[in-house]
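Every heavy atom of this structure was used, including side-chain atoms; hydrogens, water molecules and symmetry mates were not. The shown structure was predicted, so the numbers you read here are calculated from the model rather than taken from an experiment. Position 1 is the first residue of the sequence, and the numbers go up from there.
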Amino acid sequence: MRKLLFFVFAMLSLNASAQITFTNPVLSGFYPDPSVTRVGTDYYLVNSTFSYFPGIPVFHSKDLKNWKQIGNVIDRPSQMTFIGDGTSRGLFAPSIYFNKGTYYVTCTNIDNKGNFVVTAKNPAGPWSDPVYLKGVNGIDPSLFFDTDNKAYIIYNSDAPDRKPLYDGHRTIRMYEFDAENLKVKGDEMLMVNGGVDISTKPVWIEGPHLFKRGEWYYICAAEGGTSVNHSQVILRSKSPTGPFIPYDKNPILTQRHLDPNRPNPITSAGHAELVDGPDGKTYAIFLAVRPYEGDYYNTGRETFIAPVTWTDGWPIINPGIEEIQYKYTADFKEVKQAGALPQSGAFKYRLSFDKKLDPALLFLRTHDPSWYTLTKKQGLTMKLLPETVMGSAQPAFIGKRQQHLYSSASTVLDFKAANEKEQAGLLAFQSEKHFYYLCKSIVDGKPMVQLVRGPGRGGKQEVLAEQELANATSPLYLRIDAKGGIYNFLFAEKAGDWKVLKDNVDGKFISTKQAGGFIGVLFALYASSNGETSNSKASFKWLDYEGN
């Protein structure tokens, strides 16, 4: 009897340990436009980064839950920079694909030469210099390699003859692809005109992926734009070149029909790619957002997961449930990633600056190591550059994504301003015009801690609060607390002795809805001499982050 009970207990323990629970989003914060590829038992995922540098993070996972960033596709200025580009320009919608020992990433550099492909033998890099794709006019290119060794590149493009029938009228087009010489061949093919039913005037058909399952070829694409009307649709054909017939129960994923006042909503879901999990079942990796009110969110478009079932040869994402869930379970083993920063659920950590920068940290537009140093004693030391975050060059700025609606970022600053132009501190940054800056400076010769609001659209920078400091040379602790649509700004002249500089500050000012564009908030270490040359420096010992 004891042996039987032990056996039953052992089997129950085994089954429990073989179940995994996904917590959505699986990549929290500004990780939009996910694309995923499976290579044996490994998964690799990439996201859009727009004008941030390095561009296109590469994540690795064994279980579709635990993701570790292993590199960046665009990690050196010789590949490209985004000088002169706005924060929501740059790199749009990368796609990753593996075939016969080579990894391919296709992407759009929206204002500079357009669509390109890069390759690598190791997804951690180095990745090649970009090869721009003549003839591929549009955005969101992705590759498909068929079993007959033919390859195709499929993408969003203009309406036929560049004569749209309505605003948002786009097409899906395709070329055969010469994978050896990295160029298209043959004639361009029109695959989808407008969307699944052009009579209904569908808008912004984009983010297409071509894949094969059984005897069918599928085009999986987004419709409706990336806001609350976002959706995912599916079409299929017996030939990779069509004709493609839409599923009569499209869309296969959307949240646009649900009550906007439901508690803790997940909205704007789409831009999905399907992948087989370790259990052989299909899963969708897609973007969605978590608003705190209406369509207001500050964490950007994030990476989510949901199960997929197949019915009569058609995939259904999130079957049997209308609302995307914050948690899903699956019957396979979880595989945690050693040394990985947490990406989902509640977490906290400290980023130290004594050795190297974490690959998730972001610069604006390019990387120039001449203006900062990393040492065990001082941490990250920045030169004060004349450039500001309101321009289109590279300022002295290093940012970390806000990954939770309720979160906190803090640092300790060693800095003494030489004049009233010089400032250093901690940003809550959404765009060139929409940001809050908690900084140390001087006013009338007195050391100050200030809260500065960005100019917004057509306005000017404004000092919202300031307080004189007791000592111009002592370290200053700075903290930003995000609470949905409210931000609080605190400082301390002694560790732990926090004082509120200003609370209940309007967080909607740095939301995507109000600021515009496609990105989320970053907490950034920043130092500027505001147009003047300077010999001053600012040091940041660490950056703490906590999200609930």
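With values rounded to the nearest 0.5 angstrom, Leu27 atom CG is found 12.0 Å from Leu287 atom CG. Rounding to the nearest 0.5 Å gives a distance of 8.0 Å between SG of Cys107 and CG of Asn115. One distance of note links OG1 of Thr23 with NZ of Lys327; it measures 3.0 Å at 0.5 Å rounding. Atom CE of Met174 sits about 4.0 Å away from atom CE of Met189, to the nearest 0.5 Å. If you take OH on Tyr292 and OH on Tyr297, they are separated by 10.5 Å, rounding to the nearest 0.5 Å. With rounding to the nearest 0.5 angstrom, the CG atom of Asn298 is 5.0 Å from the CD1 atom of Ile510.
Scanning both residues, Ala330 and Asp279, for their nearest heavy atoms gives CB-OD2, 4.3 Å. Looking at every heavy atom in both residues, Gly195 comes nearest to Val192 through O-CG1, 3.5 Å. Across all their heavy atoms, Pro307 and Pro319 have their closest contact at O-CD, 3.3 Å. Taking every heavy atom of both residues into account, Gly90 and Phe82 meet most closely at CA-CD2, 3.9 Å. Across every non-hydrogen atom of Pro130 and Met80, the tightest pair is CG-CE, 3.9 Å. Pairing each heavy atom of Tyr155 with each of Ile139, the nearest pair is CB-O, 3.5 Å.
Ring geometry for Phe145 versus Tyr104: interplanar angle of 30 to 60°, hence tilted. Ring planes of Phe518 and Phe92: perpendicular class, angle over 60° (limits at 30 and 60°).
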**Report entry** Evaluation steps, side chain to side chain contact (heavy atoms under 4.5 Å, CB included), between Ile285 and Thr303
**Finding:** CA-CA 7 Å; Ile285 304 292; Thr303 295; 3.7 Å; yes
Report task. For the pair Tyr526 and Phe429, evaluate side chain to side chain contact (heavy atoms under 4.5 Å, CB included) and give the outcome as yes or no after the intermediate values. Result -> CA-CA 10 Å; Tyr526 169 55; Phe429 179 81; over 6 Å; no
Report task. Mind running side chain to side chain contact (heavy atoms under 4.5 Å, CB included) on Tyr44 and Phe98 for me, showing each step along the way? Result -> CA-CA 9 Å; Tyr44 299 98; Phe98 174 80; over 6 Å; no
Report task. Quick one: do Asp197 and Asn250 satisfy side-chain hydrogen bond (donor to acceptor under 3.5 Å, both in side chains)? Show the steps, please. Result -> CA-CA 10 Å; Asp197 182 359; Asn250 273 316; over 6 Å; no
Query raised in the report: Can Ile74 and Asn72 be said to form a side chain to side chain contact (heavy atoms under 4.5 Å, CB included), step by step?
Result: CA-CA 6 Å; Ile74 305 301; Asn72 294 280; over 6 Å; no
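Thr329 contributes no side-chain N or O that, together with a main-chain N or O of Ile20, makes up a donor-acceptor pair within less than 3.5 Å. Side chain of Thr254 to backbone of Arg256: a donor-acceptor contact under 3.5 angstrom is found. With hydrogens and angles ignored, the 3.5 Å screen pairs no side-chain donor or acceptor of Glu462 with any backbone N or O of Arg453. A donor-acceptor distance shorter than 3.5 angstrom exists from the side chain of Glu223 to the backbone of Val196, with no hydrogens or angles considered. Listed for the Ser227 side chain is no donor-acceptor partner under 3.5 Å among the backbone atoms of Asn229.
When only modelled atom types and interatomic distance are considered, Gln255 and Glu322 share no side-chain donor-acceptor pair under 3.5 Å. For the residue pair Lys100 / Asn149, a side-chain donor-acceptor distance below 3.5 Å is found, with atom types taken as modelled. For the residue pair Tyr328/Asn24, the side-chain donor-acceptor check at 3.5 Å is not satisfied. In the model, Ser239 has no side-chain atom that pairs as donor or acceptor with a side-chain atom of Ser237 under 3.5 Å. For the residue pair Asn504/Tyr487, the side-chain donor-acceptor check at 3.5 Å is not satisfied. Looking at Ser157 and Asn137, their side chains never bring a donor and an acceptor atom within 3.5 Å of each other.
Listed by first then second residue, pairs satisfying salt bridge (charged side-chain N to carboxylate O under 4.0 Å, His left out) with a partner in residues 281-304 read Asp33-Arg301, Arg290-Glu302, Glu293-Lys508, not counting sequence neighbours. Listed by first then second residue, pairs satisfying ring pair (Phe, Tyr, Trp, His ring centres under 6.0 Å) with a partner in residues 227-281 read Tyr247-Trp314, not counting sequence neighbours.
For Tyr217 and Phe211, the ring centers are positioned 6.0 Å apart or more. With ring centers used as reference points, His404 lies under 6.0 Å from Tyr545. The six-membered or imidazole ring of Phe304 lies away from that of Phe22, with a centre-to-centre distance of 6.0 Å or more. In summary, the aromatic rings of Phe509 and Tyr436 are positioned with their centroids under 6.0 Å apart.
Using a cutoff of 4.0 Å between basic side-chain nitrogens and carboxylate oxygens, Arg365 and Glu432 are scored as salt-bridged. Ion pair Asp158/Arg170 flagged as a salt bridge, since at least one NZ, NE, NH1 or NH2 atom sits closer than 4.0 Å to an Asp/Glu carboxylate oxygen. Checked for salt-bridge contact, Lys183 and Asp178 miss the test: no charged N lies under 4.0 Å from a carboxylate O.
By the 6.0 Å contact criterion, NZ on Lys68 is enclosed, its count of non-hydrogen atoms from other residues, nucleotides or ligands being greater than 12. Annotation for Lys212: atom NZ counts as buried by contact number, over 12 foreign heavy atoms lying within 6.0 Å. Dense packing is recorded around CG of Asp358, with more than 12 heavy atoms of other residues, nucleotides or ligands lying under 6.0 Å away. Within a 6.0 Å radius of CG in Asn181, more than 12 heavy atoms belonging to other residues, nucleotides or ligands are found. Counting heavy-atom neighbours within 6.0 Å of Lys400 NZ, excluding the residue itself, gives a total above 12.
Applying the ring pair (Phe, Tyr, Trp, His ring centres under 6.0 Å) test to His169 and every residue at least two apart in sequence or in another chain returns Tyr166. For Asp506, the side-chain hydrogen bond (donor to acceptor under 3.5 Å, both in side chains) criterion is met by no residue, not counting sequence neighbours. Tyr296 is linked by a ring pair (Phe, Tyr, Trp, His ring centres under 6.0 Å) to nothing, counting only residues two or more places apart in sequence or in another chain.
In this structure, Arg213 is positioned above the aromatic face of Trp310, its NZ or CZ under 6.0 Å from the six-membered ring centre and within 45° of the axis. Remark: Arg401 is positioned above the aromatic ring of Tyr31, its terminal NZ or CZ atom under 6.0 angstrom from the ring centre and at most 45 degrees off the axis.
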Please tabulate, for the side chains in residues 51-60, all donor-acceptor contacts under 3.5 angstrom to protein atoms that are two or more places apart in sequence or on a different chain.
from  : atom 1 : to     : atom 2 : distance (Å)
Ser51 : OG     : Gly86  : O      : 2.6
His60 : ND1    : Gln337 : NE2    : 3.1
His60 : NE2    : Asp42  : OD1    : 2.6

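Partner of Glu273 under the side chain to side chain donor-acceptor pair (under 3.5 Å) criterion, chosen from Ser95, Ser142, Ser35: Ser35.
In this structure, the side chains of Asp259 and Glu323 stay at 4.5 Å or more apart for every pair of heavy atoms. Side-chain atoms of Tyr175 and Leu133, non-hydrogen and from C-beta on, never get closer than 4.5 Å to each other.
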